[in-house]
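So the structure is just underneath, and the comments pick up after that.
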Amino acid sequence: MRHQSVLAYANFRYLKVATLAIAAAVFGYIWYAPPTGRYGGSAMGYTLGTVGALLIVWLLWFGVRKRQFASTTGTLLGWLSAHVYLGTSLLVIATLHAAFELGINVHTLAYALMVAVILSGFYGVYAYLRFPAIMTENLREDTLDSLLLKMADLDRQARAIALGLPDQANKLVLAAAQQTRIGGSWRRQWSGRDPECATTAAVNGLQALGRTLRGEQARANQQLYTLLLRKQELLARARRDVALKARLDLWLYVHVPLSVGLLAALIAHVISVFFYW
Ligand code: HEM
Ligand code: HEM
């Protein structure tokens, strides 16, 4: 199971590799003290910078490797585990390369983009480890499609009952059937809520209407209200499913474009450094 073992893959092999890489970088940084002081342009600075840049190119390569289904170099799970741990080790390697010299320049832009990519990666791992189980629990025996079918069925029943009630009830029930939205814009999907939900409006409207009705109509209204409450519950689960899927996917729209930005800033950094040499 990919989602369970990304971090523990092969008995934490890549955690060990990354820890060794970090230890070597820290050792090299402390051990090598040039008379000019530690900085990105010292021999150790160049070494750490080159290792960092190679790591970044390799991490970017993951986007290609992910799509090479026929490749035989390692499993995707192994690649992802290495990606996560070695990607994280960059935080130390690049910081020591720069010898903690951050300012307002293209070098620090590369550094800031790198940190942003890594932080979005942390979120991605959290999402992969946590959300699939919550999704299963939320859907239980249903799928998104079966929830939609059940809701359509409740709408049909509600419209039949509403025929014996005042116009206002018919309008509310019709709007709930036709104007209830699941998903929509990215923000809407992500939040899993709709402040203008037509079903919620119908539930509230029917409750108010119920106070003005008597006898048979009051009973029918109560029945309608119960149906729509049930729909509201299914709707909340459907929206939650969409929200969890969005939270599982949308972060990659931060991670990947920022990685490409990082590559551009890194090229600018290296070129500018050689230009002033
Ligand atoms: C081939 C790889 C690299 C080379 C040759 C390289 C080269 C250098 C050099 C020569 C300096 C010293 C500049 C100076 O103090 O004037 C430096 C500083 C720096 N590098 Fe790199 N670098 C590389 C990779 C990276 C990477 C991967 C990052 C982070 C994403 C990075 C971020 C920085 C930062 C933040 C500084 C400090 C800038 C400052 O002193 O204001 N470098 N680099
Ligand atoms: C500078 C460092 C990094 C770069 C340049 C980078 C770049 C990439 C790229 C290009 C992809 C492929 C996305 C795609 O094509 O769909 C990817 C996926 C991913 N990265 Fe990173 N990454 C970095 C660091 C990290 C870190 C530190 C973590 C976690 C701690 C991480 C977690 C992930 C995850 C979970 C995926 C998704 C894999 C999948 O959907 O199959 N990344 N990264």
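First listed ligand is number 1; within each ligand, the first listed atom is number 1. Values below: every heavy atom of this structure, side chains too, minus hydrogens, waters and symmetry copies. Residue numbers count from 1 along this sequence.
Aromatic rings from Trp58 and Trp79 are positioned such that their centres are separated by under 6.0 Å.
Taking a 6.0 Å sphere around CZ of Arg237, one finds it holds more than 12 heavy atoms contributed by other residues, nucleotides or ligands. Residue Ile104 places its CD1 atom among 12 or fewer non-hydrogen atoms of other residues, nucleotides or ligands, all under 6.0 Å distant. Other residues, nucleotides and ligands contribute only 12 or fewer heavy atoms inside 6.0 Å of the OH atom of Tyr253.
Taking atom 24 (C) of ligand 1 as the reference point, the nearest protein heavy-atom neighbour is Gly49 O, 3.4 Å. Among protein heavy atoms, the minimum distance from atom 41 (O) of ligand 1 is reached at Asn105 ND2, 3.2 Å. Looking from atom 36 (C) of ligand 1 to the surrounding protein, the closest heavy atom is Ala98 CB, 3.5 Å. When only non-hydrogen protein atoms are considered, atom 15 (O) of ligand 1 lies nearest to Tyr39 CD1, 3.5 Å. Among protein heavy atoms, atom 4 (C) of ligand 1 sits closest to Val270 CG2, 4.1 Å. Gly41 N, 3.4 Å is the protein heavy atom nearest to atom 12 (C) of ligand 1. Leu266 CD1, 3.4 Å is the protein heavy atom nearest to atom 27 (C) of ligand 1. Annotation: atom 39 (C) of ligand 1 to nearest protein heavy atom, Glu101 O, 3.5 Å.
Only the side chain of Trp251 comes within 4.0 Å of ligand 2, counting heavy atoms alone; its backbone N, CA, C and O stay farther away. At a heavy-atom cutoff of 4.0 Å, ligand 2 is contacted by both the backbone and the side chain of Thr88. Contacts with ligand 2 closer than 4.0 Å are made by side-chain heavy atoms of Val117 only, the backbone lying farther away. Only side-chain heavy atoms of Leu80 come within less than 4.0 Å of ligand 2; its backbone N, CA, C and O stay farther off. Contacts between Leu90 and ligand 2, counted as non-hydrogen atom pairs separated by less than 4.0 Å, involve the side chain only.
Cluster membership for Leu147 and Leu229, using ILVMFWY side-chain heavy atoms within less than 4.5 angstrom, is shared. Under the 4.5 Å side-chain heavy-atom criterion for Ile, Leu, Val, Met, Phe, Trp and Tyr, Val173 and Leu165 are members of the same hydrophobic cluster. Side-chain heavy atoms closer than 4.5 Å link hydrophobic residues (I, L, V, M, F, W, Y) into clusters, and following such links, even through other members, never connects Val106 to Leu263. In this structure, Val242 is not a member of the same hydrophobic cluster as Leu250, with clusters built from ILVMFWY side-chain heavy atoms closer than 4.5 Å. When the side chains of ILVMFWY residues are joined at heavy-atom separations under 4.5 Å, either directly or via intervening members, Leu174 and Leu224 end up in two distinct hydrophobic clusters.
Listed by number with element, the atoms of ligand 2 under 4.0 Å from a non-hydrogen atom of Leu262 are 1 (C). Under a 4.0 Å criterion applied to the non-hydrogen atoms of Tyr46, ligand 1 contributes the atoms 5 (C), 10 (C). Each of the atoms 27 (C) of ligand 2 lies under 4.0 Å from some heavy atom of Gly87. Each of the following atoms of ligand 2 lies closer than 4.0 Å to a heavy atom of Lys66: 14 (C), 16 (O), 39 (C), 40 (O), 41 (O). Listed by number with element, the atoms of ligand 2 under 4.0 angstrom from any heavy atom of Phe122 are 29 (C), 30 (C). Counting the atoms of ligand 1 from 1 in the order shown, those under 4.0 Å from a heavy atom of Thr50 are 1 (C), 2 (C). Listed by number with element, the atoms of ligand 1 under 4.0 Å from a non-hydrogen atom of Ala110 are 30 (C). Interface of Gly121 with ligand 2, defined as ligand atoms under 4.0 Å from a residue heavy atom, comprises 28 (C), 29 (C), 30 (C), 31 (C), 32 (C). Residue Ala53 approaches ligand 1 through these ligand atoms, each under 4.0 Å from one of its heavy atoms: 1 (C), 2 (C), 27 (C). The atoms of ligand 1 that sit less than 4.0 Å from any heavy atom of Leu102 are 35 (C).
Not one N or O of Ser259 is nearer than 3.5 Å to an N or O of ligand 2, by distance alone. Annotation: Arg67 places an N or O atom under 3.5 Å from an N or O atom of ligand 2; distance criterion only. Distances between N or O atoms of His97 and those of ligand 1 include at least one value under 3.5 Å.
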| task | Applying side chain to side chain donor-acceptor pair (under 3.5 Å), run through Thr19 and Tyr85 and close with a yes or a no. | result | CA-CA 9 Å; Thr19 308; Tyr85 284 120; over 6 Å; no
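Taking 2.8 Å as the criterion, His269 counts as a coordinating residue of atom 21 (Fe) of ligand 1, since one of its N, O or S atoms falls below it.
Atom 21 (Fe) of ligand 2 is the vertex of the angle joining NE2 of His255 and NE2 of His83, which measures 170° to the nearest 10°.
For atom 20 (N) of ligand 1, the nearest protein heavy atom lies under 4.0 Å away.
Side-chain contact check for Arg65 versus Leu76: some heavy-atom pair is nearer than 4.5 Å. At least one side-chain heavy atom of Leu235 sits under 4.5 Å from a side-chain heavy atom of Cys197. A 4.5 Å side-chain heavy-atom check between Ser272 and Asn105 finds every atom pair outside the cut-off. Taking 4.5 Å as the limit, every side-chain heavy atom of Leu266 sits out of range of all side-chain heavy atoms of Met114. Counting only heavy atoms from C-beta outward, the side chains of Leu228 and Leu154 never approach each other to under 4.5 Å.
Checked by atom type and distance alone, the side chain of Gln189 never pairs as donor or acceptor with a backbone atom of Ala243 at under 3.5 Å.
Taking NZ of Lys231 as the reference point, atom OG1 of Thr200 lies at 9.5 Å (rounded to 0.5 Å).
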